[in-house]
Amino acid sequence: SWSESDDMPPVVIIIDDFGNSAGTLLEGFADLPDEIVFAVLPDLPHTETAARLARKTGHEVIIHVPMEAESSSISPGTNYIKAGMSASEITEVMADFMDQIPMAIAANNHMGSKATSHRETMLNVIAELKKEGLFFIDSATTSNSAVFTAASELDVFSTRRDIFLDVPDISDATLKTKIESLGKYKGRNEPIVIISHCHNQEKLDGLRKFIDQIQDMGIKIVSLKKAFPEARA
């Protein structure tokens, strides 16, 4: 455990992949503390439902932008940002995504190890976000990301994911390891950005355990706006 004198930074928790599920599971995630951020995928059966419920229950919403990966057996969807797309194509795709999730205050990438490593692509993506006052959170799916460079060139705030909570799984052993790893951020000025996912009840239960444990340890969970007041949103 840590005390206030230990200078532990606060934590931002983003939950990725909303849009496939509604009903009890979605409502369970919506019952989490208001500070938890919903990252909603466009073009899914429950995109609008998830985004609206998140806003109704006090959660910040960001666009979980589907992007091309270097290699994956999982498709990012039929409509996604590809590395090397033209500026006009990116404008069209991003405008569609922002129309679907108009309450979004930022965006992060879904997959995207190839797209986020392509500087020109990210310049065009972030330029579209800038028009609407949105910023970008790099999910950090590649060590070759060009997100920070592109955002800096355009004078748009960006930050990056520190921890994937549910990788390789959301078991008690994994949660213990992730909680122990928080100690390495002691004394850091920037908040710790943690990403988890909304795929099933097991992930919800695991996230609840994690939240309870870190709060008991004295670590604060904060919203994006509170964590990054310098952001453009």
Side-chain angles (χ1 to χ4, degrees), residues 1-2 8-42 44-64 66 72-74 76-77 101 103-106 108-111 137 139-141 160-185 191-227:
S1 65
W2 294 277
M8 284 296 295
V11 163
V12 174
I13 299 176
I14 299 169
I15 309 173
D16 280 356
D17 292 355
F18 284 106
N20 275 310
S21 300
T24 303
L25 182 60
L26 177 59
E27 290 166 3
F29 279 102
D31 284 340
L32 292 170
D34 294 354
E35 294 81 5
I36 306 301
V37 182
F38 276 44
V40 182
L41 282 161
L44 292 179
H46 300 292
T47 294
E48 184 177 349
T49 300
R52 286 189 173 184
L53 181 60
R55 182 173 64 173
K56 180 180 178 182
T57 51
H59 298 277
E60 292 170 330
V61 177
I62 66 176
I63 304 168
H64 196 36
S72 177
S73 58
I74 303 172
I101 310 171
M103 68 289 290
I105 67 166
N108 72 341
N109 52 294
H110 172 63
M111 302 171 61
I137 303 148
S139 299
T141 56
R160 71 187 300 279
R161 183 267 312 165
D162 294 298
I163 296 170
F164 272 130
L165 184 64
D166 53 350
V167 175
D169 53 41
I170 197 73
S171 66
D172 287 348
T174 296
L175 289 176
K176 181 175 182 291
T177 298
K178 299 301 170 84
I179 288 170
E180 289 172 347
S181 75
L182 295 175
K184 70 183 179 182
Y185 298 102
I192 306 165
V193 178
I194 298 174
I195 291 180
S196 193
H197 298 83
C198 66
H199 304 150
N200 51 48
Q201 185 67 38
E202 181 184 14
K203 290 183 183 285
L204 174 57
D205 293 342
L207 181 55
R208 283 174 173 154
K209 285 183 186 178
F210 179 77
I211 290 169
D212 288 345
Q213 287 187 257
I214 65 171
Q215 287 181 328
D216 286 347
M217 292 175 174
I219 297 176
K220 294 180 181 179
I221 301 170
V222 295
S223 67
L224 279 171
K225 285 184 177 179
K226 186 167 184 180

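Under the side-chain contact (heavy atoms from CB on, under 4.5 Å) criterion, P191 pairs with P10, V12, A227, F228, not counting sequence neighbours. Among residues two or more places apart in sequence or in another chain, the side-chain contact (heavy atoms from CB on, under 4.5 Å) test is passed with T47 by V40, L44, Q100, I101. With sequence neighbours left out, K226 forms a side chain to side chain donor-acceptor pair (under 3.5 Å) with no residue at all.
Under the salt bridge (Lys or Arg N to Asp or Glu O under 4.0 Å) criterion, the residue pairs touching residues 48-57 are E48-R52, with sequence neighbours excluded.
The nearest pair of heavy atoms linking I74 to M111 is O-CE, 2.9 Å. The heavy-atom pair separating I163 from S181 by the smallest distance is CD1-OG, 3.8 Å. Of all the heavy atoms in A51 and V61, the pair that sits closest is O-CG2, 3.8 Å. Contact detail for A140 and R160: the closest heavy-atom pair is CB-NH2, 3.2 Å. Nearest heavy atoms, E60 versus L224: OE1-N, 2.7 Å.
Interatomic distance, NE2 of H110 versus CG of D16, reported as 8.5 Å (0.5 Å rounding). Between atom OG of residue S139 and atom NE2 of residue H64 there is a gap of 6.0 Å, rounded to the nearest 0.5 Å. The distance from the CD1 atom of I15 to the CD1 atom of I62 is 10.5 Å, given to the nearest 0.5 Å.
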May I have the list of side-chain donor-acceptor pairs in residues 168-175 shorter than 3.5 Å, sequence neighbours left out?
unit_1, atom_1, unit_2, atom_2, d
D169, OD1, S171, N, 3.1
D169, OD1, S171, OG, 2.8
D169, OD1, T174, OG1, 2.4
S171, OG, T174, N, 3.2
S171, OG, T174, OG1, 3.2
D172, OD1, K209, NZ, 2.8

Do any side-chain atoms of residues 20-34 form donor-acceptor pairs under 3.5 angstrom with protein atoms, and if so which ones, sequence neighbours left out?
none

Please tabulate, one pair per line, all N/O donor-acceptor pairs under 3.5 Å involving side-chain atoms of residues 192-207, not counting sequence neighbours.
unit_1, atom_1, unit_2, atom_2, d
H197, ND1, D166, OD1, 3.1
H197, ND1, D166, OD2, 2.9
H199, NE2, D17, OD2, 2.7
N200, OD1, E202, N, 3.2
N200, OD1, K203, N, 2.9
Q201, NE2, D205, OD1, 2.9
K203, NZ, D166, OD2, 2.9

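A cation-pi arrangement is absent between R208 and F210 under the rule of less than 6.0 angstrom and at most 45 degrees off the ring axis.
The backbone N or O of F164 sits less than 3.5 Å from a side-chain atom of K178, completing a donor-acceptor pair.
When side chains are defined from C-beta on, I211 counts as touching I13, because their heavy atoms get closer than 4.5 Å. Put simply, the side chain of I137 does not reach to within 4.5 Å of the side chain of R161, judged on heavy atoms.
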*Might you work through the side-chain contact (heavy atoms from CB on, under 4.5 Å) test for Y185 and D162, ending with a clear yes or no?*
CA-CA 10 Å; Y185 298 102; D162 294 298; 3.6 Å; yes

